S.K.: 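Before I ask anything, here is the structure I am working with.
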2 protein chains.
Amino acid sequence: MFSQTVEYALRAVVWLAYNHPESLTTQEIARSTQVPAGYLSKVLQGLARAGLVQAQRGLHGGFSLALSPDELSILDVVNAVDPLRRISRCPLGLATHAKRLCPLHKRLDDSMAMIEKTLSESKIAELLNVPAAATPLCDAPPVPRRAPLTVTARRKR
Amino acid sequence: MFSQTVEYALRAVVWLAYNHPESLTTQEIARSTQVPAGYLSKVLQGLARAGLVQAQRGLHGGFSLALSPDELSILDVVNAVDPLRRISRCPLGLATHAKRLCPLHKRLDDSMAMIEKTLSESKIAELLNVPAAATPLCDAPPVPRRAPLTVTARRKR
DNA sequence: AGATAATTGGATAATTATATCCACTTGATG
DNA sequence: CATCAAGTGGATATAATTATCCAATTATCT
């Protein structure tokens, strides 16, 4: 339903939000969120182009959230990397249905609208309050800033 | 959001429902719904395996709806060809989140649940009442049964 | 200025989704 | 029982998505 890319982008943004306004390297984010580093780099580029994230090149560079976590919705992230496509015109290109979608496509589009609304109302900030004092993604406790490349204790599977 | 396959399957089912309990050949359905015939054949096979549609081989064969249009929901069709995957386990495989999803994935799964509910409540029968006396999909007027291979008047693009 | 650590962008590979084709089987009909 | 129109299943092609790799660029630190 949601693409892999969206899943990855959301993980990255949540992790950046959790460490806001800290800046983290692609490697750090990749490790914490279990996203393939090479691919994550592309995803982050997309988020940067959309202005959701700020890139800092060079030594001690990395990425940081460009907006406050409560100004940023899940929908913003989704639309930045893999836009939710509403059905605005008849997919069959029928003249008859140009002004008003046929019931099938109307219904499908309504579902999209519903999702769009829900996701736009879900702010990233809301995703950070974890009841059990656990970190949002990641089993490990909050990583100390600029920690060396410690291997996260990881259960197999 | 919804795959091409789902879109095709829904078009086929709606068209079959519209002609219910008539049986239509793959070619006829393909023409009316603008779905590539070769691919539609696979999609219909899937629908047949799921029991939503009945295949009749041999001369004067074709496909017909196996259930009444008001017993069949959009969700049934979606699940038959490209199941809506709910998020039941933590996508990161985190032990901590085994019992309770982290807020991000909870929220995403809630969206899925919402869609699932909406689509399960949308019966195919409801998609057939078109206000303007137009056919559900397809510009053409209701095709006379067993019509010869007339070319549907089609605007370019 | 040189060394180092980081992102950037381009090329490419692997995988999955979409689509086509064809030989085979099935069943109705004359 | 021969014929022919239809679905079936397998092989294969094409396109899009996901993923990897590396040379080039940029910024920081000493």
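Chain letters run A, B, ... following the sequence lines, proteins first and then strands; every chain starts at 1. Here the structure is a predicted model, which means the values were calculated and not measured.
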S.K.: D:dG7 P sits how many Å from B:Leu16 CG, rounded?
M.R.: 11 Å
S.K.: Taking the minimum atom-to-atom distance to the side chain of B:Gln56, which one of C:dA19, C:dA28, D:dA6 wins?
M.R.: C:dA28
S.K.: Please tell me which of A:Gly38 and A:Gly58 maps to the more 5' nucleotide of DNA chain D, matching each residue to the nucleotide holding its nearest heavy atom.
M.R.: A:Gly38
S.K.: Say whether, by atom type as modelled, one donor and one acceptor occur between the side chain of B:Gln54 and the main chain of B:Leu65 under 3.5 angstrom.
M.R.: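 Not confirmed, B:Gln54 side chain does not pair with B:Leu65 backbone.
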S.K.: Going by atom types alone, do B:Thr5 and B:Tyr39 pair a side-chain donor with an acceptor below 3.5 Å?
M.R.: yes
S.K.: Of all the nucleotides listed (C:dT8, C:dA6, D:dG7), which has the minimum atom distance to the side chain of A:Ala55?
M.R.: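 Nearest listed nucleotide: C:dT8.
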S.K.: Taking the side chain of B:Ser3 as its heavy atoms from C-beta onward, which of C:dT29, D:dA27, C:dT18 lies nearest to it?
M.R.: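 The listed nucleotide nearest to B:Ser3's side chain is C:dT18.
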S.K.: OP1, OP2 of C:dA19 versus side-chain N and O of B:Tyr8: anything below 4.0 Å?
M.R.: yes
S.K.: Could you check how far CD of B:Gln54 sits from C1' of D:dG7, rounded to whole Å?
M.R.: 14 Å
S.K.: Return no unless some side-chain N or O of A:Thr5 is found under 4.0 Å from OP1 or OP2 of D:dT18.
M.R.: yes
S.K.: State whether a side-chain donor-acceptor pair under 3.5 Å links B:Asp82 with B:Ser3.
M.R.: yes
S.K.: How many Å lie between CG on A:Leu44 and C1' on C:dA6, as a whole number?
M.R.: 13 Å
S.K.: How far does CD of B:Glu126 sit from NZ of A:Lys106, to the nearest 0.5 angstrom?
M.R.: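 If we round to the nearest 0.5 Å, B:Glu126:CD and A:Lys106:NZ are 13.0 Å apart.
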S.K.: Just how far, in rounded Å, is C1' of D:dT14 from OH of B:Tyr39?
M.R.: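 So the two atoms are 13 Å apart, to the nearest Å.
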S.K.: If each of B:Leu59 and B:Asp82 is mapped to the nucleotide of DNA chain C with the nearest heavy atom, which maps nearer the 5' terminus, i.e. the 5' end?
M.R.: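 Taking each residue's closest nucleotide, the earlier one in sequence belongs to B:Asp82.
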S.K.: For the side chain of A:His60, starting at C-beta, report the closest nucleotide among D:dT18, D:dT28, C:dA28.
M.R.: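 The answer is D:dT28.
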S.K.: In terms of side-chain geometry, is the basic nitrogen of A:Arg86 or A:Glu116 positioned less than 4.0 Å from the acidic oxygen of its partner?
M.R.: yes
S.K.: I'd like to know if B:Lys42 reaches the base of D:dG10 with its side chain, counting only an N/O donor and acceptor under 3.5 Å.
M.R.: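 Yes, the side chain and the base share a sub-3.5 Å donor-acceptor pair.
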S.K.: Which whole-number value in Å describes the distance from B:Gln34 CD to C:dT18 C1'?
M.R.: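 For the pair B:Gln34 CD and C:dT18 C1', the rounded distance is 17 Å.
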S.K.: Using a cut-off of 4.0 Å on non-hydrogen atoms, how would the nucleic acid contact of A:Thr26 be classed: base, sugar-phosphate, or nothing?
M.R.: sugar-phosphate
S.K.: For A:Gln45, report the nucleic acid contact type (base, sugar-phosphate, nothing); a contact means any heavy atom under 4.0 Å.
M.R.: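 Answer is base: heavy atoms of A:Gln45 come under 4.0 Å of a base.
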S.K.: Could you state the CZ-P distance from B:Arg57 to D:dT3, rounded to the nearest angstrom?
M.R.: 20 Å
S.K.: To the nearest Å, give me how far apart CG (A:Leu40) and P (C:dA6) are.
M.R.: 14 Å
S.K.: A:Gln27 CD to D:dC21 P: how many Å, rounded?
M.R.: 12 Å
